[in-house]
Protein chains: 2
Amino acid sequence: MLSFAILELLHRKPLSGYDLRKRFSGSITFFWKAGHSQIYPELKRMEREHLVVSRRVTHPYRPAKKVYAITPEGEEALRQWLGEAPALQPIKDEMLLKCFAFHLLEPEQADQQLAHHAELHERRLNHFLETRRWLTERHGPLPTTRDPIVFWNAMTLERVIEFERSYVEWCRSALTLHREFLARMTNGQAGADAGVGEQA
Amino acid sequence: MLSFAILELLHRKPLSGYDLRKRFSGSITFFWKAGHSQIYPELKRMEREHLVVSRRVTHPYRPAKKVYAITPEGEEALRQWLGEAPALQPIKDEMLLKCFAFHLLEPEQADQQLAHHAELHERRLNHFLETRRWLTERHGPLPTTRDPIVFWNAMTLERVIEFERSYVEWCRSALTLHREFLARMTNGQAGADAGVGEQA
DNA sequence: TAGGAATAAGTCAGAAGTGACATAGGCCAT
DNA sequence: ATGGCCTATGTCACTTCTGACTTATTCCTA
């Protein structure tokens with residue numbers, strides 16, 4: 001999988017391992033991330049398999065770098081992979097796993113965690129919104145682009161923005177519902193089903 | 001991480017490896033999944049570390065099973081983990097990675113993939129909605145529960161339902177926008193910026 | 001009576017991913 | 001001149017995860 005992400009980036013423009021590393025912890029992080037300890041060995045493997053070629057580039061006052069470019073074979077592999085329908089991603093979310101177990105925690109601690117997580121996602125949301133602003137400034141209003149690359153970039157961005165937006169919303173609504181739940185518990189402590197009767 | 005998911009389930013009720021495996025490919029799949037080749041060794045490791053204890057249970061007409069139960073040490077570990085704030089999950093989604101590269105594909109192929117993916121997520125959404133119906137039938141309308149376990153179960157479910165809903169919506173809107181994009185391309189082929197003028 | 005499904009428990013090789021460690025030159029500020 | 005940051009490339013040990021293979025019993029159906 002990582003190899004295809006690399007191929008896609010190299011298809012746009014030849015890059016060094018260092019450049020790739022910056023992308024995988026920067027703009028591309030929306031949908032894929034990788035550390036440099038994964039990238040360098042992967043590039044070597046890909047060169048062995050002729051998907052990419054490297055060229056040594058020396059710079060008067062910088063360490064030499066190896067700039068990788070995609071080969072026709074690499075492009076072929078990329079297109080082939082693109083044609084296959086991806087399977088559903090399994091959802092793996094530590095926060096949800098914890099949420100599932102929150103009944104073991106003091107209610108205030110659960111609230112605290114929800115509030116904190118809302119903040120984390122909101123921060124990432126703002127980052128994505130900024131990226132969108134930046135994209136719009138460079139390429140004009142996105143619904144009118146004529147560049148397929150910009151178009152699909154924008155579509156990808158929309159998805160992660162929507163993801164973060166709905167996550168933040170969920171945290172907030174869970175907080176509200178939890179407070180209501182607690183109020184229900186302290187109000188009519190006696191009858192186990194009092195709340196149901198009141199609502200009906 | 002897997003160990004905490006296991007501890008949480010064992011806290012509810014002692015289970016065999018086989019039972020756990022069913023949960024990790026069934027109801028619990030919303031937010032965590034694991035194969036049995038992960039579960040069995042993990043249980044052994046956890047028993048070595050005294051987080052769980054196993055008891056051999058023989059059954060007249062079934063293979064013998066090992067039923068695992070959480071220990072006080074295990075519960076302590078679970079509570080401690082629960083108290084720590086989880087970090088943001090990195091988003092890793094093969095579909096989004098492909099979407100980012102769709103400019104390399106024939107437009108019809110991109111449409112096909114989006115439509116197919118919408119269907120996959122819709123199917124999962126329907127599955128979650130059914131789970132919610134089932135939960136409501138058993139425990140009454142969720143906003144009025146008095147059981148913390150049911151409450152947090154419901155909250156977790158709400159999140160994954162919202163996730164799937166927004167994913168399906170995104171697929172559909174991307175499809176629509178893509179068709180508009182293509183129309184814009186074939187309409188005013190000549191001027192590179194004709195579309196912008198028309199919109200303004 | 002043969003085969004399939006469900007119950008039950010594993011192993012193992014390999015891929016993927018993480019975090020720490022290692023090295024090295026140049027730039028800039030204190 | 002010393003320390004910290006940026007460029008630049010790597011290794012290594014470890015954990016996690018995946019998919020395939022293995023074994024055994026019982027129950028039901030064709």
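Just so it is clear, the values below take in all heavy atoms, side chains as well, and ignore hydrogens, waters and symmetry mates. Residue numbers start from 1 in every chain, and the chains themselves are labelled A, B, ... in the order their sequence lines are given, proteins ahead of strands.
Taking atom CZ on R21(B) and atom P on dA9(C), their separation rounds to 10 Å, with Å as the unit. Here dG10(C) presents its C1' atom at 7 Å from NZ of K44(B), a figure rounded to the nearest Å. Note: OH (Y61(B)) to P (dA8(C)) measures 13 Å, nearest angstrom.
Annotation: H121(A) is not in aromatic contact with W170(A) [ring centroid separation under 6.0 Å not met]. Centroid-to-centroid, the aromatic rings of Y167(A) and H117(A) come within less than 6.0 Å.
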Atom pairs, N/O to N/O, protein against nucleotides 12-19 of chain C, distance under 3.5 Å?
| from | atom 1 | to | atom 2 | distance (Å) |
| --- | --- | --- | --- | --- |
| dG17(C) | OP1 | K92(B) | NZ | 3.3 |
| dG17(C) | OP2 | Q38(A) | NE2 | 2.7 |
| dG19(C) | O6 | S37(A) | OG | 2.9 |

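Under a 4.0 Å N-O distance rule, the pair E137(B)/R133(B) does not qualify as a salt bridge. We find that R159(A) and E162(A) are not joined by a salt bridge, their nearest charged nitrogen and carboxylate oxygen being 4.0 Å or further apart.
Toward the 5' end of DNA chain C, the nearer of the two residues H36(A) and H59(B), judged by each one's closest nucleotide, is H59(B).
For the pair K22(B) and dA8(C), the criterion of a side-chain N or O lying under 4.0 Å from OP1 or OP2 is not met. For the OP1/OP2 pair of dA9(C) and a distance below 4.0 Å, the side-chain nitrogens and oxygens of Y18(B) include no atom meeting the criterion.
For the pair K66(B) and Y40(B), the minimum side-chain heavy-atom distance is 4.5 Å or more.
S16(A) contributes no side-chain N or O that, together with a main-chain N or O of K65(A), makes up a donor-acceptor pair within less than 3.5 Å. A donor-acceptor pair under 3.5 Å is formed between the side chain of Q113(B) and the backbone N or O of L82(A).
Across F181(A), F100(A), F102(A), a single residue satisfies ring-ring contact (aromatic ring centres under 6.0 Å, His included) together with F151(B), and that is F181(A).
For DNA chain D, the outermost nucleotides in 5' to 3' order that have an atom under 4.0 Å from a heavy atom of chain B are dC17(D) to dC27(D).
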